[in-house]
Q: 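There's a structure below that I have some questions on.
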Amino acid sequence: MTDIPYGYYDFSEPDGQEVGADSSRDIHATLKRYWGYDSFRPMQEEIIRSVLDGHDTIGLLPTGGGKSLTFQVPAMVMDGLTIVVTPLISLMKDQVDNLRRHGIRAAYLHAGMTKTESDYAYERCRQGRAKLLYVSPERMSGDRFTRLIAGWNISLFVIDEAHCISQWGYDFRPSYLGLSCLREFFPAVPILALTASATPAVTADIASRLAMHQPRLFALSFTRDNISFLVRHTEDKYGKLLEVLRGTQGSTIIYTRSRQRAADLASMLTREGFGALFYHAGLDSHEKATRQEAWHSGQSRIMVATTAFGMGIDKPDVRVVVHYDIPSTLEEYYQEAGRGGRDGKPALAVMLVASRDKATLARRLSQAFPDKDFIRKTYDELCRFLSLPMGEGFGAIFDFKPAVMCTRYKMPERLVMSAIGILDRSGYLNYVDELDIEAQAMILLRRDELYSLDLEPLEDAILNYLLRNCPGIFTDLVPVNESLIAADCGTVPQTVYETLCGWRREHIISFIPRRCTPHIVFTANRVTSDRLTFPKEVYEDRRAAMEHQIKAMTDFAFNDAACRVAGMLRYFGEENASDCCRCDVCRARHRVATPFDAADFERRLDSFFDAIAPCEWLDTRSLRAHYPHHFDQLAAHLRSMVAEGRLRADGHLIAKC
């Protein structure tokens, strides 16, 4: 493998054979036909052409850069099946549902599916009834899966969240290591590795572990010129949060690391008069969808969320992203902050930092890597809790509620979950913490056979709901929601569930009930805990990597002497990054040297008005965060614009005349 010029951002056309005019026209026609877009975003077309030319390719596209289209478009152009490896079950489901809405057949496989679900997905792909198959890394790296797909017509392998394969990545997962066999078993199939944030060391590790052949690297700069990164030092985070929210306008995300804190903050902000909702992994899918839609449509300005809120969020007009709790890594922070300003208009990324947060970051390191004896104890207690006999367990799936086990055995839940994570990465088990796998149904009878059924009125109403609202239910398993059916039919969800189960017993439908419990899959038989080994790359090396990441995060948050953005870009390999002139450090440094530029202010003011609904009032206090050192000059210029008849004012509100 030739060296990739890491740190070099290649905006040129790929070398080698050019895609002909017909092929180029195909990808643009495909983009327009299925997604309705007239053109690609930066770097998407270059990655697509590289893949269509058969090259192994690495794509580094920052959050919001449109990674999905770089493999979904080729999947529709090429013959055969595109297999996409992704670690997030919820993202698999969202992507497959979205593709189906665009008229594209897709399927997914993960460790939490029943044998019936898995067999159905396999059969669809084998028969060529799907263009894309999303697979969890645990399924992809298994021998059975490799044997099953050996005879399939596979056109492309896609490794999403590719940083997970690198021990230097911020979210290393050993299940990804099994993907190295792809090159051995499928030497002629190109591999596309995608990630939103990776250092040069991580990018090199990705190429090596996937055994890529002279991979082509396409990377956009991590610079986001429209986002102002601000750190606010305060011992009163809630008071500072209120100040930020009152001084800004527009759709807002507030990130916190605690489910309870997310709920509490949303409640407190609602009492303050803000439209605030909360979101975390513990909500069921219907509640998640309802809250996300309310926020996305503008019914609620603020979403207070854990890190569960992010993947697949495509709202373009987020104006403010606040981190109430300090993230552990710059990769995590950059991805979450990057959800602001995807429309290219000005946005703020505000991190609230207290002096105690330095100790908080140090404590996270020790919590993430508990003593090895504690990990062994956790393994023993877990097996005891699940009643798993010695020498058994390989392939077994158990519903698992961590809080119940920790309460029963009086163990600290945070350390227990870290220990389970290390056991996962060491190859003993897989822990899946994605709640709520939606129910699915498929009608097995023909339409004419349905009319001969002797149904009660309520059963008839439920069946009619399925026929009206579930397109494709005669040919495919489709999602069904008992709560929505119950509301439409004037009954309760339990009755709908029992009706569907009864029809399943009578072979009227195929029905897979909703499951709402985290689960553990054992990937090895139970052994005595003294035989557990934790590979150096899983424990010592990963601990050292996290220590490096925490130091970088500490420097970003607490070093007030250097441009925060330039430091972050250098961390991601852009060694020649210059000062951004927009972060709080740069603003403080230039507040005396830089005069107020009235023309520039008016251009920015126009962009603020463009970001809100026509004729809507703009709160002048929202401008203070963008001009903290020139607010007096800004206020004087606004008064002048009002006097000239270009603006109208009502107290601290202004609007265009």
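Numbers here are sequence positions counted from 1.
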Q: Less than 4.5 Å apart, side chain to side chain, heavy atoms only: is that true for Phe186 and Cys181?
A: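 When only atoms from C-beta onward are counted, Cys181 and Phe186 do not touch, as no gap falls below 4.5 Å.
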Q: I'd like to know if the side chain of Thr86 pairs up with that of Glu161 as donor and acceptor (distance under 3.5 Å, no hydrogens or angles considered).
A: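 Short answer, no.
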Q: Nearest 0.5 Å, what's the OG1-CD distance between Thr499 and Glu456?
A: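 If we round to the nearest 0.5 Å, Thr499:OG1 and Glu456:CD are 10.0 Å apart.
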Q: So Tyr108 and Gln95, do their side chains get closer than 4.5 Å, heavy atoms only?
A: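 Side-chain contact under 4.5 Å: no.
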Q: Other residues, nucleotides and ligands only: do more than 12 of their heavy atoms fall within 6.0 Å of CZ on Arg468?
A: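 Check passes, neighbour count above 12.
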Q: Quick one: does Ser50's side chain have a donor or acceptor within less than 3.5 Å of a partner on Glu46's backbone?
A: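 No, Ser50 side chain to Glu46 backbone: no donor-acceptor pair under 3.5 Å.
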Q: Look at the aromatic rings of Trp35 and His102 and report parallel, tilted or perpendicular, splitting at 30° and 60°.
A: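 Ring orientation, 0 to 90° scale: tilted.
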Q: How close do Arg339 and Val318 get, heavy atom to heavy atom, and via which atoms?
A: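 For Arg339 versus Val318, the nearest heavy atoms are O-CB, 3.5 Å.
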Q: How about Gln127: does its CD atom have over 12 heavy atoms from other parts shown lying under 6.0 Å from it?
A: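 Enclosed.
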Q: Taking all heavy atoms of Pro74 and all of Leu52, pick out the closest pair and write down the distance.
A: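 Where Pro74 meets Leu52 most closely, the heavy atoms are CB-CD2, 4.1 Å.
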Q: Mind listing the closest non-hydrogen atom pair of Arg41 and Gly66 along with its distance?
A: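 Looks like NH1-N, 3.5 Å.
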Q: Quick check: does any side chain N or O of Asp53 sit under 3.5 Å from a backbone N or O of His55, one acting as donor and the other as acceptor?
A: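 Flag not set: sc Asp53 to bb His55 has no pair under 3.5 Å.
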Q: What closest approach, in Å, do Leu388 and Gly393 show between heavy atoms, and which atom pair accounts for it?
A: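 Here Leu388 and Gly393 meet closest at CD1-CA, 3.4 Å.
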Q: On a heavy-atom basis, which atom in Leu444 and which in Ser510 lie closest, and how many Å separate them?
A: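 Residues Leu444 and Ser510, closest heavy atoms: CG-N, 3.7 Å.
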Q: Checking side chain to side chain contact (heavy atoms under 4.5 Å, CB included) for the pair Leu133/Val84: CA distance, chi angles, key distance, verdict?
A: CA-CA 6 Å; Leu133 173 64; Val84 185; over 6 Å; no
Q: If you count the non-hydrogen atoms of other residues, nucleotides and ligands that lie under 6.0 Å from CG in Asp448, is the total more than 12?
A: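 Yes.
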Q: Checking the side chain of Thr378 only, and the main-chain atoms of Val416 only, is there a donor and an acceptor separated by less than 3.5 Å?
A: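 Checked: no pair found.
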Q: Could you tell me whether the side chain of Leu467 reaches within less than 4.5 Å of the side chain of Ile443, counting heavy atoms only?
A: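 Result yes, sub-4.5 Å side-chain heavy-atom pair found.
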Q: Please walk me through it: do Lys288 and Glu293 pass salt bridge (Lys or Arg N to Asp or Glu O under 4.0 Å)?
A: CA-CA 8 Å; Lys288 286 178 183 176; Glu293 176 57 29; over 6 Å; no
Q: Counting only heavy atoms not in Arg33 (residues, nucleotides, ligands), do more than 12 fall under 6.0 Å from its CZ?
A: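 Result for CZ/Arg33: open.
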Q: Nearest 0.5 Å, please: how far is CD1 in Ile509 from CG in Leu466?
A: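 It comes to 7.0 Å.
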Q: Is there a side-chain contact between His28 and Glu45, using heavy atoms and a 4.5 Å cut-off?
A: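 Of all side-chain heavy-atom pairs linking Glu45 with His28, at least one is under 4.5 Å.
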Q: List the steps and the verdict of salt bridge (Lys or Arg N to Asp or Glu O under 4.0 Å) for Glu123 and Arg126.
A: CA-CA 5 Å; Glu123 191 62 19; Arg126 188 187 67 79; 2.4 Å; yes
Q: Do any N or O atoms from the side chain of Arg425 and from the backbone of Val538 form a donor-acceptor pair under 3.5 angstrom?
A: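 Checked: no pair found.
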Q: Is there a ring pair (Phe, Tyr, Trp, His ring centres under 6.0 Å) between Phe309 and His280? Walk through the geometry before answering.
A: CA-CA 7 Å; Phe309 186 74; His280 57 65; over 10 Å; no
Q: A side-chain contact here means heavy atoms from C-beta on lying under 4.5 Å apart; do Leu453 and Leu445 qualify?
A: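 When only atoms from C-beta onward are counted, Leu445 and Leu453 do touch, with a gap below 4.5 Å.
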Q: Report yes or no: is the cationic atom of Arg209 (NZ for Lys, CZ for Arg) under 6.0 Å from the centre of the six-membered ring of Tyr176, at an angle within 45° of the ring normal?
A: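 No, Arg209 and Tyr176 do not form such a contact.
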Q: Say you draw a straight line from CG of Leu109 to SG of Cys125; how long is it, rounded to the nearest 0.5 Å?
A: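 SG of Cys125 is found 6.5 Å from CG of Leu109.
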Q: Apply side chain to side chain contact (heavy atoms under 4.5 Å, CB included) to Thr523 and Asn430, showing your working.
A: CA-CA 7 Å; Thr523 52; Asn430 294 138; 3.3 Å; yes
Q: Short question: side chain of Lys131, backbone of Gly80 - any donor-acceptor pair under 3.5 Å?
A: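 Yes, because the side chain of Lys131 sits within donor-acceptor range (under 3.5 Å) of the backbone of Gly80.
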Q: Any chance you could measure Met76, atom CE, to Leu31, atom CG, to the nearest 0.5 Å?
A: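 Met76 atom CE to Leu31 atom CG measures 12.0 Å (nearest 0.5 Å).
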Q: Is there a side-chain contact between Tyr279 and Thr306 (heavy atoms, below 4.5 Å)?
A: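 In short, these two side chains do not touch, never coming nearer than 4.5 Å.
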Q: Distance-only, no hydrogens or angles: does the Ser483 side chain make a donor-acceptor pair with backbone N or O of Pro493 under 3.5 Å?
A: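 Side chain of Ser483 to backbone of Pro493: no pair is present.
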Q: What pair of heavy atoms forms the shortest contact from Leu458 to Cys489, and how long is it?
A: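 Distance-wise, the nearest heavy atoms are CD1-O, 3.8 Å.
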Q: Would you indicate whether Tyr497, at its atom OH, is surrounded by more than 12 heavy atoms from other residues, nucleotides or ligands within a distance under 6.0 Å?
A: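 Open: at most 12 neighbouring heavy atoms sit under 6.0 Å from OH of Tyr497.
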Q: Is there a donor-acceptor pair closer than 3.5 Å between any side-chain N or O of Asp460 and the backbone N or O of Leu455?
A: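 Side chain of Asp460 to backbone of Leu455: no pair is present.
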Q: If we only count heavy atoms from C-beta on, is the Ile420 to Phe400 side-chain gap below 4.5 Å?
A: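 The answer is yes; the side chains approach within 4.5 Å.
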Q: For His163, is there any backbone N or O sitting under 3.5 Å from a side-chain donor or acceptor partner on Ser166?
A: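 No.
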Q: Considering only residues two or more places apart or on different chains, which pairs with a residue in residues 95-106 satisfy salt bridge (Lys or Arg N to Asp or Glu O under 4.0 Å)?
A: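 Sorted pair list: Arg100-Asp476.
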Q: How far does OG of Ser418 sit from CG of Asp424, to the nearest 0.5 angstrom?
A: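 It is 12.0 Å, given to the nearest 0.5 Å.
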Q: Rounded to the nearest 0.5 Å, how far apart are OG of Ser452 and CZ of Arg446?
A: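 Here the rounded value is 9.0 Å.
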Q: Indicate whether any N or O donor in one side chain lies under 3.5 Å from an N or O acceptor in the other, for Ser118 and Arg139.
A: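 Result is yes, a qualifying pair exists.
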Q: Knowing that exactly one of His213, Arg183, Arg216 qualifies, which makes a side chain to side chain donor-acceptor pair (under 3.5 Å) with Asp56?
A: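 Exactly one option meets the side chain to side chain donor-acceptor pair (under 3.5 Å) with Asp56, and it is Arg183.
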Q: Should Asn525 and Tyr428 count as side-chain neighbours, where that means a heavy-atom distance under 4.5 Å?
A: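 Not touching, per the 4.5 Å side-chain cut-off.
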